Amino acid sequence: AQKITQTQPGMFVQEKEAVTLDCTYDTSDPSYGLFWYKQPSSGEMIFLIYQGSYDQQNATEGRYSLNFQKARKSANLVISASQLGDSAMYFCAMRERKNDYKLSFGAGTTVTVRA
Amino acid sequence: NAGVTQTPKFRVLKTGQSMTLLCAQDMNHEYMYWYRQDPGMGLRLIHYSVGEGTTAKGEVPDGYNVSRLKKQNFLLGLESAAPSQTSVYFCASSRGYEQYFGPGTRLTVT
């Protein structure tokens with residue numbers, strides 16, 4: 001069964017607008033973590049934001065925020081005030097304590113920011 | 001402090017040839033991982049290690065072997081390369097919750 005589902009293959013967003021990238025996950029482990037990574041065209045994997053399963057508040061890192069809805073098993077990434085440099089592939093990932101903290105990745109969402 | 005480095009960055013192999021990819025980290029991390037990324041897909045875990053001298057299978061281990069003789073190094077071997085192993089390979093290491101990725105190795109098997 002797919003652990004991480006990203007249903008949006010590609011999205012376009014206007015510069016300075018906000019964009020929400022969807023991510024749903026599946027786990028029975030009460031201890032897990034959710035991540036978002038950015039992969040620009042250069043290929044490196046850049047860590048953006050982390051949310052632990054026991055964290056009470058949604059994680060935020062600068063222009064990135066994670067909308068964590070535990071009951072719905074959803075961990076959407078919100079990028080505010082989009083910039084041209086935000087054009088990239090974005091991956092949602094999960095690690096579970098019961099699985100040696102291995103990361104399971106979604107298929108990714110390509111974001112293209114238009115001027 | 002170089003973080004996670006991978007050698008080589010690019011490689012072309014012929015079917016049946018063997019090679020070893022080297023991953024090195026200078027952060028004294030216990031956990032190390034090898035992933036592959038194919039077009040249109042997220043990263044898939046090949047093998048991983050939870051400490052020096054240990055290795056374990058990930059999601060797609062067939063056709064690969066690994067070794068972790070030293071804490072800072074994690075080697076990925078292809079004994080007999082196949083075109084299906086054409087991919088970008090990423091190494092990562094972690095101690096806490098965050099995984100630090102290397103720059104990737106682009107491997108083409110013809």
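Residue numbering restarts at 1 for every chain, and letters A, B, ... go by the order of the sequence lines. Values in this document were obtained by computation on a predicted structure and should not be read as measured data.
With a 4.5 Å cut-off on non-hydrogen atoms, B/L43 touches chain A through its backbone and its side chain both. If you measure heavy-atom distances from A/Q39 to chain B, the contacts under 4.5 Å come from the side chain alone. Looking at B/Q37, only its side chain comes within 4.5 Å of chain A, counting heavy atoms on both sides.
Under the 4.5 Å side-chain heavy-atom criterion for ILVMFWY residues, no single connected hydrophobic cluster contains both B/Y48 and B/L75. Following chains of ILVMFWY side-chain contacts shorter than 4.5 Å, one can reach A/V111 starting from A/L84, so the two form part of one hydrophobic cluster. When hydrophobic clusters are built by joining Ile, Leu, Val, Met, Phe, Trp and Tyr residues whose side-chain heavy atoms come closer than 4.5 Å, directly or via intermediates, A/V19 is not grouped with A/M89. Under a hydrophobic clustering in which Ile, Leu, Val, Met, Phe, Trp and Tyr are joined whenever their side-chain heavy atoms come within less than 4.5 Å, directly or via other members, A/W36 and A/F47 fall into different clusters. Criterion: ILVMFWY side-chain heavy atoms under 4.5 Å apart, direct or through other members. Under it, B/V66 and B/Y31 are not part of a common hydrophobic cluster.
Open room surrounds CD on B/E79; 12 or fewer heavy atoms of other groups in view lie less than 6.0 Å from it. Environment of NZ in A/K70: crowded, with over 12 heavy atoms of neighbouring residues, nucleotides or ligands closer than 6.0 Å.
Among all heavy-atom pairs drawn from B/Y33 and A/K102, the shortest one is CE2-CA, 4.3 Å. The heavy-atom pair separating B/F90 from A/M45 by the smallest distance is CE2-CG, 4.1 Å.
The distance from the CZ atom of A/F105 to the CE atom of B/M41 is 12.5 Å, given to the nearest 0.5 Å.
Of all residues in residues 99-110 of chain B, those placing a non-hydrogen atom less than 4.5 angstrom from a non-hydrogen atom of chain A are B/Q99, B/F101.
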